[in-house]
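Since the structure comes first, as structure tokens, the remarks are kept for the end.
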Protein chains: 2
Amino acid sequence: MLVRINAAPRMQIDGQLAALAGERMMSCCEFRYRRGFEIFGEGEEPEYVYQIISGAVRTYKLLPDGRRQINAFHLPGDMFGFENETIHRFTAEAIVETNVHLMRRSSILEAVRNGGAGTKDLIKFVTQNLQHAESHMLLLGRKTSLERVTAFLLEMDERLQHPDVMILPMNRRDIADYLGLTLETVSRALSILRDEGLLRFDGNTQRRLELVDRGALARIDA
Amino acid sequence: MLVRINAAPRMQIDGQLAALAGERMMSCCEFRYRRGFEIFGEGEEPEYVYQIISGAVRTYKLLPDGRRQINAFHLPGDMFGFENETIHRFTAEAIVETNVHLMRRSSILEAVRNGGAGTKDLIKFVTQNLQHAESHMLLLGRKTSLERVTAFLLEMDERLQHPDVMILPMNRRDIADYLGLTLETVSRALSILRDEGLLRFDGNTQRRLELVDRGALARIDA
DNA sequence: GCGGCCTATTGATCGAGATCAAACAAGCAT
DNA sequence: ATGCTTGTTTGATCTCGATCAATAGGCCGC
């Protein structure tokens with residue numbers, strides 16, 4: 001499940017983790033998780049904080065009967081897994097083969113205790129998560145299915161820095177569980193947007209798509 | 001709209017704000033907001049952080065066409081309104097006549113900058129908000145109307161410390177906008193719970209209610 | 001090539017919750 | 001008391017998204 005890969009030093013892809021660690025690179029290792037495998041589970045004790053080098057991760061909560069709500073997707077550069085409490089509040093899984101940097105949670109807590117420079121970054125990190133959660137509550141509580149799917153496309157477009165062709169790592173069920181819909185409804189909404197000429201499926205696979213009219217999409221996302 | 005009340009020194013009802021301010025009580029005033037009045041608006045520049053002395057507050061986001069999502073209800077003792085950014089990300093309104101303690105946001109930021117003792121409390125505060133948001137996303141994305149209303153009742157019961165009779169400050173529309181439902185659906189769910197003997201409306205007003213069977217309610221809230 | 005598996009689309013039907021509507025109760029000012 | 005406004009319940013109907021179901025394409029191993 002956990003596969004250690006080459007241990008050669010490697011540049012970090014951005015400064016989030018480094019700032020939190022006080023630029024000291026302490027306790028950093030690189031790991032690879034295969035597609036579909038669990039990185040940590042809800043209720044487990046948090047040992048590491050993670051930063052994605054390549055790949056994609058979903059974090060989610062489950063109800064006892066299996067209903068799933070994905071809180072967030074994490075893409076290259078993103079940090080996840082920090083907990084202030086003694087247990088993880090959700091599960092994290094690799095959506096595709098994923099390489100992560102990890103560092104010991106204890107190092108970060110220590111840095112904060114010592115009034116380290118990373119404290120401000122930590123507050124910023126948690127605040128950004130909170131902001132995302134707040135706008136996602138508005139989406140889940142009050143938006144229609146077409147608005148939700150459109151908002152998802154625009155969010156991914158922005159986080160991938162407006163690529164010509166967007167390659168989605170997640171399947172329709174993941175998108176549905178992120179948006180509080182079913183996979184069929186997600187598929188139907190995408191078909192509507194395609195039929196109206198706002199996006200194109202690229203080539204033979206439905207995970208590559210091109211946003212043709214971002215303005216019109218932004219108008220749909222209330 | 002803003003009414004200053006007597007300026008006599010007053011005990012704080014708990015230590016949250018005091019801790020953040022480094023126990024120095026700096027910049028603290030007391031204000032009263034009348035029922036329905038706005039405390040701050042989405043997009044405004046944050047000047048203060050608030051702690052409720054008495055009353056209740058709702059914070060919410062609006063879509064352009066008026067659809068509303070309430071993020072959270074704030075009760076006596078709760079802090080709200082802290083922003084790491086330069087603008088408020090939602091609107092806050094007094095649900096009933098509400099007295100608050102307020103302190104300058106700048107004092108808190110300064111305390112953090114100086115590595116003050118309040119830093120840890122601030123991280124904890126933001127983290128608690130994030131945790132609440134995460135479980136609320138699960139509710140909004142995946143729970144049925146009956147589960148949502150039950151979860152709401154249990155949340156309020158806990159936050160009011162399991163009173164014999166719970167007095168809800170908010171109306172059915174507020175509850176609906178918190179749970180991503182309509183007020184009619186909330187009303188129907190409450191009637192079902194009443195008819196099944198899990199709760200009782202107390203006396204002549206529908207805002208006072210008594211949880212008769214907390215165990216059964218907890219079983220409904222998946 | 002072929003078969004098996006996974007993913008996505010599309011169609012048909014269902015149902016939970018929204019919407020529309022009416023009646024009534026509570027609070028409050030006059 | 002009276003009338004007005006606001007809040008709540010309940011009923012009837014509608015609709016959006018869920019569910020059930022069939023089909024097809026992609027991918028991989030053989």
Side-chain angles (χ1 to χ4, degrees), chain A residues 34-36 58 63 65-69 95-97 139-150 152-153 167-195 199-209 220 222, chain B residues 34-36 56 58 63 65-69 93 95-97 139-150 152-153 167-195 199-209 220 222:
Chain A
R34 291 206 220 281
R35 185 182 124 97
R58 61 184 166 240
L63 288 173
D65 64 359
R67 280 173 285 173
R68 183 176 71 157
Q69 178 62 41
I95 297 177
V96 292
E97 181 162 292
L139 178 148
L140 293 170
R142 289 298 178 218
K143 290 189 182 178
T144 67
S145 62
L146 197 62
E147 288 165 351
R148 293 181 202 207
V149 171
T150 304
F152 166 75
L153 292 173
I167 300 171
L168 296 175
M170 68 291 283
N171 64 25
R172 301 292 189 255
R173 175 171 296 280
D174 289 334
I175 300 172
D177 285 350
Y178 179 60
L179 299 178
L181 299 170
T182 60
L183 64 94
E184 293 94 334
T185 299
V186 170
S187 178
R188 277 183 241 272
L190 289 172
S191 298
I192 289 170
L193 296 173
R194 177 202 57 198
D195 293 349
L199 64 84
R200 263 199 288 274
F201 289 105
D202 187 76
N204 43 12
T205 161
Q206 296 103 328
R207 301 255 188 114
R208 294 159 157 269
L209 41 88
I220 289 174
Chain B
R34 290 206 221 281
R35 186 180 125 97
R58 58 183 169 241
L63 288 173
D65 64 359
R67 282 173 284 173
R68 183 176 69 156
Q69 178 61 43
E93 281 174 2
I95 297 176
V96 293
E97 181 162 293
L139 178 147
L140 292 170
R142 290 298 178 216
K143 290 189 182 178
T144 67
S145 62
L146 197 62
E147 288 166 351
R148 294 181 201 207
V149 171
T150 304
F152 166 77
L153 291 173
I167 300 170
L168 296 175
M170 68 291 285
N171 65 24
R172 300 292 189 256
R173 174 171 295 281
D174 288 334
I175 299 172
D177 285 350
Y178 178 59
L179 299 177
L181 300 169
T182 60
L183 65 93
E184 292 94 332
T185 299
V186 170
S187 178
R188 277 183 242 273
L190 289 172
S191 297
I192 288 170
L193 295 173
R194 177 202 59 199
D195 293 348
L199 64 82
R200 264 198 287 272
F201 290 105
D202 188 78
N204 43 11
T205 162
Q206 296 101 327
R207 302 258 188 112
R208 296 158 155 270
L209 42 87
I220 289 175

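Order of the sequence lines fixes the chain letters, A, B, ..., with proteins taken first and strands second; residue numbering starts at 1 for each chain. Heavy-atom basis, side chains included; hydrogens, waters and symmetry copies ignored. All of these numbers come straight from a predicted model, not from anything done at the bench.
- Computed from coordinates, the B:L146 CG to C:dA18 P distance equals 13 Å when rounded to whole Å.
- Both A:R142 and A:S187 lie close to DNA chain C; mapped to their nearest nucleotides by heavy-atom distance, the more 5′-ward contact belongs to A:S187.
- The A:S191 side chain lies nearest to C:dT10 when the options are C:dT10, C:dT9, C:dA18.
- Within the structure, a side-chain polar atom (N or O) of B:T185 is placed less than 4.0 Å from OP1 or OP2 of C:dA18.
- Between chain A and DNA chain D, the heavy-atom contact criterion of under 4.0 Å yields a 5' to 3' nucleotide range of D:dG17 to D:dG26.
- Within 4.0 Å (heavy atoms only), A:L181 reaches sugar-phosphate atoms of the nucleic acid but no base atom.
- Between the CD atom of B:Q206 and the C1' atom of C:dA25 there is a distance of 7 Å, given to the nearest Å.
- Separating the CD1 atom in A:I95 from the CZ atom in A:R58 is a distance of 5.5 Å, to the nearest 0.5 Å.
- A:L190 places a side-chain heavy atom less than 4.5 Å from the side chain of A:F201.
- Heavy atoms of A:R35 sit under 4.0 angstrom from primed sugar atoms or phosphate atoms, though from no base atom.
- Between B:V186 and B:R148, the closest side-chain pair of non-hydrogen atoms is not below 4.5 Å.
- Between A:R188 and B:N171, it is B:N171 whose nearest contact on DNA chain D lies nearer the 5' terminus.
- Nucleotide C:dA16 holds its P atom 19 Å from the CG atom of B:L179, rounded to whole Å.
- Across all strands shown, B:G36 has no heavy atoms under 4.0 Å from either base or sugar-phosphate atoms.
- Atom-to-atom distance recorded for B:T185:OG1 and B:L146:CG is 11.0 Å, nearest 0.5 angstrom.
- A:R194 comes within 4.0 angstrom of sugar-phosphate atoms only, judged by non-hydrogen atoms across all strands, and of no base.
- Put simply, CG on B:D202 and CG on B:L209 are 8.5 Å apart, with the number rounded to the nearest 0.5 Å.
- Across all strands shown, A:T144 has heavy atoms under 4.0 Å from sugar-phosphate atoms exclusively, and none from any base.
- Distances shorter than 4.0 Å separate some side-chain N or O of B:S145 from OP1 or OP2 on C:dG17.
- Of the inter-residue distances, the one linking A:I175 atom CD1 with A:L168 atom CG reads 5.5 Å to the nearest 0.5 angstrom.
- A:S145 contributes atom OG, which lies 12.5 Å from atom CD of A:E184 (distance to the nearest 0.5 angstrom).
- Counting to the nearest Å, the P atom of C:dA8 and the CD atom of A:E184 are 12 Å from each other.
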